[in-house]
Amino acid sequence: MRYSRYFIPTLKEIPAEAEVISHQLMLRAGMIRKLAAGVYSILPLGVRVVRKVEAIIRKEMDKSGAMEVILPSIQPAELWKEAGRWNFYGKELLRISDRNDREFCYAPTAEEAVTDLVRGEVRSYKDLPINLYQIQTKFRDEIRPRFGVMRAREFSMKDAYSFDTDQDGIDHTYIQMKQTYKSIFKQCGLKFKVVEADTGQIGGSSSHEFMVLAESGEDTIAYCDECNFASNIEKVSLDNCEFAYDGNHLPMQEIDTPQLKTIGEVSEFLGVSPQKFFKTLVYKTDDENNKAVVAVCRGDHSINPVKLANAIGVNEVTLANEELIESVTGAPVGFVGPIGLKKVSVYGDYSIKPILNGITGANKKDKHMKNVNSNRDMTHVVWKDIRNPVDGDSCPAIGVGKLSLAKGIEVGHIFKLGAKYSKSMGATFLDKNGKEKPMLMGCYGIGVARTIASAIEQSHDEKGIVWPVSIAPFKVIVILLQPKEELVVTTAEMIYADLIKAGHDPILDDRDQRPGVKFNEADLIGFPVQVIVGKKSVANKKAEIKVRKTGKIQDVPLETITDTIISTLDGLG
RNA sequence: CGGGGCGUAGCGCAGCUUGGUAGCGCGCCUGCUUUGGGAGCAGGAUGUCGGAGGUUCAAAUCCUCUCGCCCCGACCA
């Protein structure tokens with residue numbers, strides 16, 4: 001490919017809309033452009049990276065025995081109603097109607113479509129197991145798209161759906177997919193962790209997320225420094241604790257805390273550390289009455305809403321507004337405490353049990369309570385594990401290590417669905433004994449663009465992207481420095497042609513541009529290997545090979561240049 | 001949806017408070033010079049000032065409505 005005829009609109013300045021580094025660099029390197037909120041065009045350079053990631057995915061999926069299909073991206077409402085998700089999915093599901101006012105949606109995922117396909121064609125255990133995947137555009141009308149392609153509304157996802165006859169079968173498929181995913185992300189050059197995850201809205205019994213570690217990640221994961229335990233924070237079970245029976249339980253006492261609403265303020269005012277506080281929050285649940293609940297954790301901890309929802313047995317909880325807080329506790333925000341709350345259920349995190357003579361809101365304006373003891377004063381509390389883990393919590397796996405927290409980008413997610421969809425949609429088969437059974441399903445997703453963005457998040461420097469070789473748009477750029485010097489031109493053309501002959505796919509920067517422009521753009525786009533052909537080195541029958549990642553440049557005689565380029569590439573993996 | 005902010009040339013921004021000629025940098029076009037890390041000089045093109053109403057002799061600027069976008073929260077590949 002000749003740069004002069006390739007479409008790469010680079011930007012020198014950072015577009016104002018881009019917050020995270022991958023978004024900035026993808027815009028600047030001319031890979032993507034925005035069409036609407038969360039909707040992006042992918043330009044030629046971006047497409048090349050997409051194709052490389054897709055090729056890795058296809059190779060590994062095919063190797064696992066999965067088969068590629070293409071399911072419709074526009075799907076009829078009836079199918080979604082049958083599975084019970086038409087109403088459940090809410091506003092995230094983009095609904096459209098055709099000219100006859102028939103309802104359709106732009107599919108955010110394809111469990112319904114694939115289950116419909118399989119139930120129509122598969123009748124016997126002899127036809128199972130089967131694993132079907134596609135790489136298809138999805139649409140989720142996200143509440144807040146952000147971070148460029150990292151959380152777009154329209155996005156390409158590889159989604160796979162497996163159908164097995166029994167538990168052993170699905171367990172096996174699940175493990176195989178986990179291995180396949182590890183292999184895919186490894187080949188994409190990513191540093192990632194496989195973590196246990198909540199099954200959330202999709203449902204099912206078991207679930208793992210593939211998290212690329214990156215500061216800009218929207219998820220927090222906890223991992224152990226001693227064993228290989230790693231988990232989404234909402235899935236980390238934390239130890240129960242003992243009440244503080246020892247020690248002198250002082251009489252509970254109301255104290256004045258005028259205008260002091262936050263734990264920080266009260267803590268400073270009283271000279272007592274936040275660890276001695278009972279932090280009390282009011283949540284609204286999504287059950288039919290929108291019933292309110294109260295959750296209590298330690299002052300220096302935070303409540304995890306997913307854990308809380310699971311503990312209560314509802315789908316989700318949201319923080320209550322001031323009105324609801326006042327109606328439940330009789331006090332304004334900032335003075336809420338668990339003592340004396342009769343009308344609502346109060347859930348207490350285990351970690352507050354040992355607090356001796358602690359402090360909490362008095363449910364009266366400008367008042368707090370001191371000398372509060374959970375075993376004496378909170379007999380109405382239901383004890384649960386509802387807080388977020390913090391650095392240094394003990395690992396729940398074997399119990400020796402300590403947990404650390406890290407930010408991650410979820411690039412893949414696998415679920416054991418079981419019979420959830422096959423039951424509701426009648427995807428059954430006849431087993432060896434002629435008995436009808438629901439197929440056991442699993443589903444497995446990979447965000448393609450998100451994988452690319454996370455590679456950039458993980459691998460860049462102040463000059464630009466540093467592509468992992470496996471997914472670089474071009475592995476090699478031949479930079480022709482003086483397009484008017486004949487010897488330079490013929491040399492660069494020769495290297496370029498030799499690389500093609502050797503089965504490579506280089507790009508030749510033959511533009512009439514100043515060297516600085518070429519160097520800077522090559523670094524911005526991040527070609528792993530740059531071959532610099534300039535008149536100074538050509539005069540000595542040499543050219544330079546620069547490795548983007550290290551910045552190291554070596555002078556190489558022209559007679560061995562192609563071999564050296566290839567071995568340099570091999571050395572980079 | 002709640003809270004905050006922004007829409008002025010392709011991109012980044014100034015101008016708006018206090019109404020009166022639409023500006024700067026980058027990019028783009030032409031010419032000359034330059035040519036190993038985003039060149040210099042000279043010349044040039046480009047704007048329904050997001051849109052619609054209103055106030056006014058006069059609106060980018062003031063008022064009302066509206067659309068779009070970004071950031072913070074709940075969701076997810």
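All values derive from a computational prediction rather than experimental measurement. We use all heavy atoms of the structure for the numbers below, so side chains are in, but hydrogens, waters and symmetry mates are not.
Atom pair A:Lys284:NZ and B:A74:C1' shows a separation of 11 Å (rounding to whole Å applied). Spacing between atom CE of A:Met150 and atom C1' of B:C75 amounts to 15 Å, rounded to whole angstrom units. Rounded to an integer number of Å, the gap from CZ of A:Phe519 to C1' of B:U35 is 11 Å. Across the protein-nucleic acid pair, A:Gln513 atom CD and B:C28 atom P stand 7 Å apart, rounded to whole Å. Spacing between atom CZ of A:Phe210 and atom P of B:A77 amounts to 13 Å, rounded to whole angstrom units. With rounding to whole Å, A:Gln482 atom CD is found 11 Å from B:G37 atom P. Distance, A:Lys546 NZ to B:G36 P: 16 Å, rounded to whole Å. Atom CG of A:Leu308 and atom C1' of B:A74 are 14 Å apart (whole Å).
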Side-chain atoms of residues 473-490 of chain A: list all donor-acceptor pairs with protein atoms under 3.5 Å, sequence neighbours left out, distances to 0.1 Å.
residue: A:Gln482; atom: OE1; partner: A:Lys535; partner atom: N; Å: 2.9
residue: A:Thr490; atom: OG1; partner: A:Glu486; partner atom: O; Å: 3.1
residue: A:Thr490; atom: OG1; partner: A:Leu487; partner atom: O; Å: 3.1

Mind listing the side-chain donor-acceptor pairs of residues 444-454 of chain A below 3.5 Å, one per line with the distance, residues two or more places apart or on another chain?
residue: A:Tyr444; atom: OH; partner: A:Ser162; partner atom: OG; Å: 2.7
residue: A:Arg450; atom: NE; partner: A:Met150; partner atom: O; Å: 2.8
residue: A:Arg450; atom: NH1; partner: A:Glu410; partner atom: O; Å: 2.8
residue: A:Arg450; atom: NH2; partner: A:Met150; partner atom: O; Å: 3.1
residue: A:Thr451; atom: OG1; partner: A:Gly447; partner atom: O; Å: 2.6
residue: A:Ser454; atom: OG; partner: A:Arg450; partner atom: O; Å: 2.8
residue: A:Ser454; atom: OG; partner: A:Thr451; partner atom: O; Å: 2.9

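A:Met211 and A:Val195 get closest at one heavy-atom pair: CG-CG2, 3.9 Å. Pairing each heavy atom of A:Ala152 with each of A:Gly38, the nearest pair is CB-O, 3.4 Å.
At B:C70, one or more side-chain N or O atoms of A:Lys34 fall inside 4.0 Å of OP1 or OP2 (strictly under the cut-off). Between B:C72 and A:Arg144, a contact under 4.0 Å exists linking OP1 or OP2 to a side-chain N or O. Look at A:Arg146 and you'll find a side-chain N or O under 4.0 angstrom from OP1 or OP2 of B:C72.
Checking B:A77, B:C76, B:G37 against the side-chain heavy atoms of A:Lys463 singles out B:G37 as nearest. Taking the side chain of A:Arg28 as heavy atoms from C-beta on, and the options B:G38, B:C71, B:A74, the nearest nucleotide is B:G38. Of all nucleotides listed (B:G36, B:C71, B:C75), B:C75 comes nearest to the side chain of A:Glu142.
Taking a pair to require two hydrogen-bonding distances under 3.5 Å in either a Watson-Crick or a G-U wobble arrangement, B:U48 remains unpaired. Using the Watson-Crick or G-U wobble rule with both distances under 3.5 Å, B:C62 pairs with B:G54. Nucleotide B:A39 is matched to B:U33 when pairs are restricted to Watson-Crick or G-U wobble geometry with both distances under 3.5 angstrom. Under the Watson-Crick or G-U wobble criterion, with both distances below 3.5 Å, B:G2 is paired with B:C72. Nucleotide B:C13 forms a Watson-Crick or G-U wobble pair with B:G23, both donor-acceptor distances falling under 3.5 Å.
Taking atom P on both B:C63 and B:G5, the two are 15 Å apart, rounded to the nearest angstrom. Comparing the same atom, P, in B:A45 and in B:G7 gives a spacing of 27 Å after rounding to whole Å. B:A58 and B:U46: their P atoms are spaced 28 Å apart (whole Å). Taking atom C1' in both B:C6 and B:C49, the straight-line distance is 14 Å, to the nearest Å. Using atom C1' as the reference point in both B:U66 and B:A77, the two lie 35 Å apart (nearest Å). Here the separation of B:G44 from B:G53, taken at their P atoms, is 36 Å to the nearest Å. Straight-line distance between the C1' atoms of B:U34 and B:G40: roughly 7 Å, to the nearest whole Å. Taking atom P on both B:U61 and B:C75, the two are 41 Å apart, rounded to the nearest angstrom.
No contact: A:Ser454 has no heavy atom under 4.0 Å from any strand. When heavy atoms are screened at a 4.0 angstrom cut-off, A:Ala152 is found touching base atoms of the nucleic acid. In this structure, A:Asp219 reaches the bases: a heavy-atom distance under 4.0 Å links it to at least one base atom across the strands shown. Among the atoms of the strands shown, base atoms are found under 4.0 Å from some heavy atom of A:Glu544. Contact annotation for A:Gly534: base contact, defined as any heavy-atom pair under 4.0 Å involving a base atom. Across all strands, A:Glu19 comes closer than 4.0 Å only to sugar-phosphate atoms, never to a base (heavy-atom distances).
Residue ring and base: A:Phe155 counts as stacked with B:A77 (centre distance below 5.5 Å, interplanar angle below 30°).
A salt bridge links A:Arg548 to A:Asp461: one of the charged nitrogens lies within less than 4.0 Å of a carboxylate oxygen. Electrostatic pairing of A:Arg85 and A:Glu111 counts as a salt bridge here, judged by a charged N lying under 4.0 Å from a carboxylate O. A salt bridge links A:Glu142 with A:Arg151: the distance from a Lys NZ or Arg NE/NH1/NH2 to an Asp or Glu carboxylate oxygen falls below 4.0 Å.
For A:Arg450 against B:C76, a side-chain N or O and a base N or O form a donor-acceptor pair under 3.5 Å.
Identified under the side-chain hydrogen bond (donor to acceptor under 3.5 Å, both in side chains) test for residues 303-312 of chain A, with sequence neighbours left out: A:Asp198-A:Asn310, A:Asn304-A:Asn388, A:Lys307-A:Asp385. Counting only residues at least two apart or on different chains, the side-chain hydrogen bond (donor to acceptor under 3.5 Å, both in side chains) pairs with a member in residues 2-15 of chain A are A:Arg2-A:Glu493, A:Tyr3-A:Glu521, A:Ser4-A:Asp510, A:Thr10-A:Glu521.
Crowding of A:Glu218 atom CD: a count of heavy atoms from other residues, nucleotides or ligands under 6.0 Å exceeding 12.
Residues forming a side-chain contact (heavy atoms from CB on, under 4.5 Å) with A:Leu281 (at least two apart in sequence, or on another chain): A:Lys279, A:Tyr283, A:Ile303, A:Leu319. Applying the side-chain contact (heavy atoms from CB on, under 4.5 Å) criterion to A:Leu94, with sequence neighbours excluded, gives A:Tyr106, A:Phe139, A:Asp141. With sequence neighbours left out, the side-chain contact (heavy atoms from CB on, under 4.5 Å) criterion links A:Ile14 to A:Gln24, A:Arg28.
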What are the atom names and distances for every N/O pair under 3.5 Å that joins the protein to nucleotides 3-14 of chain B?
residue: B:C11; atom: O2; partner: A:Glu13; partner atom: OE1; Å: 3.3
residue: B:G12; atom: OP1; partner: A:Ala16; partner atom: N; Å: 3.0

At a cut-off of 3.5 Å, list every protein nitrogen or oxygen paired with a nitrogen or oxygen from nucleotides 39-41 of chain B, distance to 0.1 Å.
residue: B:A39; atom: OP2; partner: A:Arg514; partner atom: NE; Å: 3.2
residue: B:A39; atom: O4'; partner: A:Arg514; partner atom: NE; Å: 3.4
residue: B:A39; atom: N9; partner: A:Arg514; partner atom: NH1; Å: 3.4

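RNA chain B is contacted by both A:Ala37 and A:Thr10; A:Thr10 maps to the nucleotide lying nearer its 5′ end (nearest heavy atom per residue). Mapping A:Ala18 and A:Val149 onto RNA chain B via the closest heavy atom, the residue that lands nearer the 5' end is A:Ala18.
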